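These notes concern the structure reproduced below.
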Amino acid sequence: MIDTLRITAEEALGLVERGEVSPAELHAAYREAIAERDEELHCYLTLVDAPDGAASIPIALKDIIGTKGVRTTAGSKILDDYVPVYDATVAQRCKDAGLSLLGKTNLDEFAMGSSTENSAYGPSRNPWDTTRVPGGSGGGSAAAVSAGLAPWALGSDTGGSIKQPSALCGNVGLRPTYGTVSRYGVVAFASSLDQIGPVTKTVRDNARLYRIISGRDPCDSTTVDVPPVEIPEAEDLNGVRVGIARELNEAEGIEPGVDAAVRRAIDLAAELGAEIDACELPRSVEYGLPCYYLIAPAEASSNLARYDGVRYALRREADGGDYYDMVARTRDAGFGDEPKRRIMLGTYALSAGYYEAFYGQAQKVRTVISREFAAAFERFDVLLSPTSPTVAFKLGEKTENPLAMYLADVLTIPPNMAGLPGLSIPCGLSEGLPVGLQLIGPQFSENTLFRVGHALERALGFDTVPERLR
Ligand code: GLN
């Protein structure tokens, strides 16, 4: 019997390598767990049978990642029957590594959201408490890993969609440095921010999956070669310089239980040998979120213009055969409220007469944010903060208030604006729900984040299996 709730990807790989379990048996074990628990959790939008000759362990992919021959919806009705004719580079790399696709996981429509409640296919639920959200937009991937419905998964993180759901579900999630992982074949949201990354139970699993997916891809000209990925082993933090940015750690809205768990983790880092000191990011946290909500919708309005009913996906014919009417009907029927809101915001920010005041200004502020972080990283190897100001909130709690929903990412967005990598690891519980610790580093510092994350993970001893499933 394979205990899919407990087993790490690394342990599963070991079982397959030693010939103790076949890849097909492993795939079947996860399918059994899915059959048992996914009706309640709704992590998956599409399930896939094990391919003949699968060579390794399975993986789940967020349904924004294009998969050849397998429906890819991006959580939207406009792509309800879209079946890509090619694999995204990350999907191809998983195949090349022998990984078998378990299925495609639920997300907020076009990855716009922080709870999966914007999915056109209904929300996913948090395995720790099914009256609560798993976070978003990649809530399906995070809930699946947490509930033993996949050994590991991929997500996408534009403003926090890997880090925040990982925090809320008690997983390890990496948003890699911008440019380290190909987006070729991934449904585009905001192209200057989108990154693909791993969602796992452990930091070592995360490093292993990042090793598989990262590196230059001729099909995505924003990608570069990355330093060789090291699987972390060290259990101390000797010589590591840790910065605590006041604005990230004392931001309005951080729950006391989240603050307490993060402070304990910082104390632990000191005990493990890290040098801890305070620093400031005065403008990054204040302006990060407003700046993101100009740039991301602007880019989204441009990227989503391709869903016009002409080339692929949904099409609603107009009675009189007028082209513009057909496009309007298609987009009205296909897009949900949140993409429509962002298309309007973004089109406004880009329109003549407003461009300089909104989009242009946001780009300048973005440069200021990058410089603030760069200055901090002259003194520090890593910054520690909460990932999310709150633990998992109730389904429905924020759906009527877009601003409250946007604030879920107030701590994950600033480093993303600067293209920086961020790793979220679970650091404890508050009111019985997981708290995420965010580790932020300079560009291409993934190996440092893995090292620090691994040492802390060992010392913290967090049990990733949701209490109600133990
Ligand atoms: N929650 C943020 C948003 O709605 C971030 C989403 C993401 O990273 N894809 O835009």
Side-chain angles (χ1 to χ4, degrees), residues 61-65 73-76 105-120 123-124 133-142 153-168 173-176 178 181 183 186-199 253 288-301 303-304 335-346 349 362 387-390 392-393 397-399 401-424 436 438:
L61 301 181
K62 186 179 182 182
D63 204 22
I64 199 162
I65 297 170
T73 66
S76 181
T105 55
N106 196 15
L107 69 158
D108 289 292
E109 187 173 357
F110 288 103
M112 296 169 180
S114 301
S115 68
T116 73
E117 292 165 297
N118 294 335
S119 169
S124 302
V133 303
S137 63
S141 279
L154 290 182
S156 66
D157 194 305
T158 304
S161 282
I162 292 172
K163 294 182 283 183
Q164 185 258 14
S166 296
L168 269 45
L174 172 71
R175 177 224 150 74
Y178 185 79
V181 181
R183 288 93 48 82
V186 177
V187 175
F189 165 11
S191 304
S192 76
L193 291 151
D194 297 342
Q195 269 302 281
I196 303 298
V199 178
L289 191 97
C291 192
Y292 173 90
Y293 277 100
L294 286 168
I295 291 174
E299 294 181 11
S301 75
N303 273 326
L304 269 50
F335 287 133
D337 288 349
E338 190 62 29
K340 281 179 183 160
R341 180 179 294 123
R342 305 235 185 160
I343 289 167
M344 287 189 278
L345 282 171
T387 305
S388 156
T390 71
F393 43 92
E397 194 179 317
K398 299 183 197 241
T399 39
N401 184 347
L403 185 58
M405 193 68 89
Y406 295 173
L407 281 165
D409 290 304
V410 67
L411 306 176
T412 51
I413 282 175
N416 288 22
M417 294 299 284
L420 303 174
L423 182 72
S424 181
Q438 179 175 229

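Quick caveat, the model's predicted, so the values are computed rather than measured. When a ligand or atom number is given, it counts from 1 through the structure's own listing order.
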Under the side-chain hydrogen bond (donor to acceptor under 3.5 Å, both in side chains) test against S141, which residue among T105, D63, N106 passes? T105
Flag for Q164-S388: side-chain donor and acceptor within less than 3.5 Å: no
Decide whether K163 and T387 meet the rule of one side-chain donor and one side-chain acceptor closer than 3.5 Å.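 Judged by distance alone, the side chains do not pair up.
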Would you call the rings of Y406 and Y293 parallel, tilted or perpendicular, taking 30° and 60° as the class edges? parallel
Using the test side-chain hydrogen bond (donor to acceptor under 3.5 Å, both in side chains), find all partners of S115 that sit at least two apart in sequence or belong to another chain.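 Residues passing side-chain hydrogen bond (donor to acceptor under 3.5 Å, both in side chains) with S115: E117.
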side-chain contact (heavy atoms from CB on, under 4.5 Å) between F110 and N118, intermediate numbers included: CA-CA 9 Å; F110 288 103; N118 294 335; over 6 Å; no
Under a 4.0 Å heavy-atom cut-off, which residues neighbour ligand 1?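 The answer is A111, M112, G113, S114, S137, D157, T158, G159, G160, S161, F189, Y292, Y293, R342, D409, counting any residue whose heavy atom sits under 4.0 Å from ligand 1.
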